[in-house]
2 protein chains.
Amino acid sequence: MELTARKKEILKVVTERYIDAAEPVGSKYIAQAMGGSVSSATIRNELADLVEMGYLEQPHTSAGRIPSPKGYRLYVNELMERRQVSDQEAAEINSALQGKMQELDSVIAQAGQMVSSIVNYPAYAVAAGKSSVTVRRYDLLPVDASSFIAVVMTDDSRVKSQLLRTELPVEAEQLPALANLLNTHFTGIHTEELGSKLMALAPQLGAELFMPLSQTIEFATAVIDSSQRSHVFTTGQSQILRQPEFQDLTKADGLMSLLTDQKAELPVLDENTPMKILIGPENVNEALKDASVVVASYDIGDNMRGLIGVVGPTRMDYATVAARLSYFAESLTKMFGKNHQLPPKEDDIP
Amino acid sequence: MELTARKKEILKVVTERYIDAAEPVGSKYIAQAMGGSVSSATIRNELADLVEMGYLEQPHTSAGRIPSPKGYRLYVNELMERRQVSDQEAAEINSALQGKMQELDSVIAQAGQMVSSIVNYPAYAVAAGKSSVTVRRYDLLPVDASSFIAVVMTDDSRVKSQLLRTELPVEAEQLPALANLLNTHFTGIHTEELGSKLMALAPQLGAELFMPLSQTIEFATAVIDSSQRSHVFTTGQSQILRQPEFQDLTKADGLMSLLTDQKAELPVLDENTPMKILIGPENVNEALKDASVVVASYDIGDNMRGLIGVVGPTRMDYATVAARLSYFAESLTKMFGKNHQLPPKEDDIP
DNA sequence: CTTTAGCACTCCTTTCCCCCGAGTGCTAAA
DNA sequence: TTTAGCACTCGGGGGAAAGGAGTGCTAAAG
């Protein structure tokens, strides 16, 4: 059977109406919405076809129709009018982004919050880690006899520091030599090698040098780890309780757990994809089978990307969410790009 | 009317039964639970008294009784058997705490997670900030012509660092002098004074010195701010959906919002109080009026305290939660105390 | 071949009612 | 003061019935 223009129009009307009202849509409404050019009986014939073709579903015999995931997919791909954010929305987004230039993770988390409040669904923001981070440089600063500060700068320009306590006293004079050792042997290499290289060097060093060296390496490893790990921030979880489809506690529970305790399971985006819409069963995660996700990415700099996603019912307002989300992502890209350097990055501990 | 021993026993039976079953408790059950020494009719007389005295409530005329907040309060204060954590529980807690010695905020957030999974209620953890933090020391490290690293150490022994980009080139040779300036004029003073002092010094400095100075001060201000701000971490929110009393969506929604988007509203503990139980209407926050909170504090060192709280229905199992929470808090205090110094603290960005 | 009016039919939802039973409150006796 | 006895209350469960939105089919019209 062929998907005529009229069938598509009907599908569009059904989808948009269902997005709005969360109730099955009847033939009479559709006929009216289409300007009354055809009767409801004609519509009913078409509806039967659309059900047969798998674009619509019927909760029960005498109910109206709702879009199936396949129907949503077609709607999103072809039928949906790509909305533009209004000037007012754009102004709101821009003003919200103003002066928010803080540490990286904080900006990212706040972006999530803003998106959630803009679209009225829960949102999540991922600070994607670079795949392989190495240390570019070490500095050691004397504090007192039993402690010093280690400063580690990574090749993605993050700088982290920590106060380290030593068991044996360390002479302030030894620190430059130690730093020199670190900078010659322990820069530009991956985590695993750090340990082995340390072991290789161990015999040549006395305990009073080895200990602070190993502490610094341990710290550097932690820095790299946290730099590589993606942190996920979520907000607006309570929004899902306000959606009629999640009045059913079991569904809400699954989603809620996902959004609070299993954030890492939330869908991400492979490189080069600016935005993606995942509808119901298209999601891999079980808890998301009854939900949809819109996720977009933005550039941060130094080959790094941020991710921002919105979780809602399959019935979610894709046009609006997609428009706002992509505008938002673009704004973030611009914002990070403007200071054509990296933004002043700060340590990122979740 | 007097609160006889038997009345108290009845109140205890009712409370514990209700905690367990979440259903109103009838006179027959109580008579049986008390060993059958008295008849249900006698119990009914007593129950009527207890209702009159405000310790119990009756959902409707022909239903059993449930404890009122006042009843819970008496139960918690007097009747509840202070539970000890079992050896097994203690072992679990201890093993969970092993090797978790990471950065401060991370430890604290994890503590919240552990508590939540131990008690099966949502939990929150607060990293309480010190009231007035000042910078103890500055270091400036050269990077290249247009950037340098600022390292700031606060008087609560946190060390933070950031890469700062300058607009005008900075000579590496100027940095020590600049650091010296900072260390003489900008240590040990509060945030507000930092700015004014900077202004006072401005006329004496050229732009190529003033800019990096002011950037460093700005960074120091941010460090102090984030050090003073309390960060709240929450987990296990989805647990509340599993409580029968929160099947009512509106109540669940309020609590959920509180636990996800208004964390700052969660009750804290004034100094010197090791643990507190807040029952239903005793809570100030509207969303918590139908819930109870058990919150405990532990010592971190340097006069700092951490807070850990559990949110549940008023019917929550106070004895178990309180026992586990206080054991947990004590364990944390011990853990932080063991390294009688501060644990290696790391930068804490939420 | 498509569209349309007409109409019987389906099935969900709401409402009402009735009954059941747990539990009470009261009375009167032990 | 305690207890047995008993009438009474009230919420909850289970149909049955009414209501209504919407369908599917048929037959006629375009």
Side-chain angles (χ1 to χ4, degrees), chain A residues 1-11 13-15 17-18 20-68 71 244-245 247-248, chain B residues 1-11 13-15 17-18 20-68 71 244-245 247-248:
Chain A
M1 197 173 321
E2 208 184 340
L3 196 58
T4 62
R6 191 170 66 187
K7 283 195 171 59
K8 285 186 182 175
E9 193 188 346
I10 292 174
L11 179 56
V13 169
V14 170
T15 308
R17 171 64 178 175
Y18 185 65
D20 217 49
E23 283 171 2
V25 185
S27 57
K28 206 163 138 198
Y29 171 86
I30 300 168
Q32 199 177 335
M34 288 174 69
S37 57
V38 287
S39 76
S40 65
T42 310
I43 301 291
R44 280 200 289 282
N45 287 328
E46 297 281 55
L47 286 176
D49 292 350
L50 282 164
V51 168
E52 199 184 331
M53 294 163 79
Y55 292 105
L56 293 178
E57 286 171 359
Q58 208 169 6
H60 53 86
T61 329
S62 68
R65 308 304 206 287
I66 63 176
S68 69
E245 31 271 282
Q247 302 304 74
D248 177 354
Chain B
M1 198 175 320
E2 206 183 341
L3 196 58
T4 62
R6 191 170 66 188
K7 282 196 171 61
K8 284 184 184 176
E9 194 187 345
I10 292 174
L11 179 57
V13 169
V14 170
T15 307
R17 171 64 178 175
Y18 186 66
D20 217 49
E23 284 172 0
V25 185
S27 57
K28 209 163 136 195
Y29 171 85
I30 301 168
Q32 200 176 333
M34 288 173 69
S37 58
V38 287
S39 76
S40 65
T42 310
I43 301 291
R44 280 201 289 283
N45 287 327
E46 297 280 55
L47 286 176
D49 291 351
L50 282 165
V51 169
E52 199 185 331
M53 294 163 79
Y55 292 105
L56 292 178
E57 287 171 357
Q58 208 168 4
H60 53 88
T61 328
S62 68
R65 307 305 208 286
I66 63 176
S68 69
E245 30 271 282
Q247 302 305 75
D248 176 355

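Excluded from the calculations below are hydrogen atoms, water molecules and symmetry mates; all remaining heavy atoms, backbone and side chain alike, are included. Note that the coordinates shown come from a computational prediction; the quantities given were computed from them, not determined experimentally. Residue numbering restarts at 1 for every chain, and letters A, B, ... go by the order of the sequence lines.
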Quick tally for nucleotides 19-25 of chain D: nucleotides whose base has a protein heavy atom under 4.0 Å get B, sugar-phosphate-only ones S, the rest -, giving --BSBB-
Rounded to whole Å, the CD1-P distance (B:I43 to C:dG23) equals 14 Å
_Looking at B:Y55, is its backbone amide N or carbonyl O close enough to the side chain of B:S68 to form a donor-acceptor pair, meaning the two atoms are under 3.5 Å apart?_
yes
Would you check if A:V14 and A:Y29 make a side-chain contact, meaning some heavy-atom pair closer than 4.5 Å? no
Would you say that A:L56 contacts A:L47 through its side chain, given a criterion of any heavy-atom pair below 4.5 Å between the two side chains? yes
Between B:S39 and B:A31 the two heavy atoms that sit nearest each other are C-CB, 4.1 Å
Below 4.5 Å, heavy atoms only, C-beta onward: do A:V51 and A:E57 meet side chain to side chain? no
Tell me, do B:V38 and B:R6 make a side-chain contact under 4.5 Å, heavy atoms counted? yes
Atom OH of B:Y18 and atom P of C:dG23 are separated, to the nearest Å, by 14 Å
Backbone N or O of B:L11 within a donor-acceptor pair of the B:T15 side chain at under 3.5 Å? yes
Applying the Watson-Crick and G-U criteria (both distances under 3.5 angstrom) with [ ] for crossing and | for other-strand pairs, one obtains for DNA chain C ||||||||||||||||||||||||||||||
Q) D:dT3 phosphate, OP1 or OP2: any side-chain N/O from B:S39 under 4.0 angstrom? A) yes
Atom CD of B:E57 and atom P of C:dG23 are separated, to the nearest Å, by 18 Å
Closest to the 5' end of DNA chain D, once B:P59 and B:E46 are matched to their nearest nucleotides, is B:E46
A:I30 vs A:E46 side-chain heavy atoms within contact, under 4.5 Å: no
Taken to the nearest whole Å, CD1/B:I30 to P/D:dT3 is 14 Å
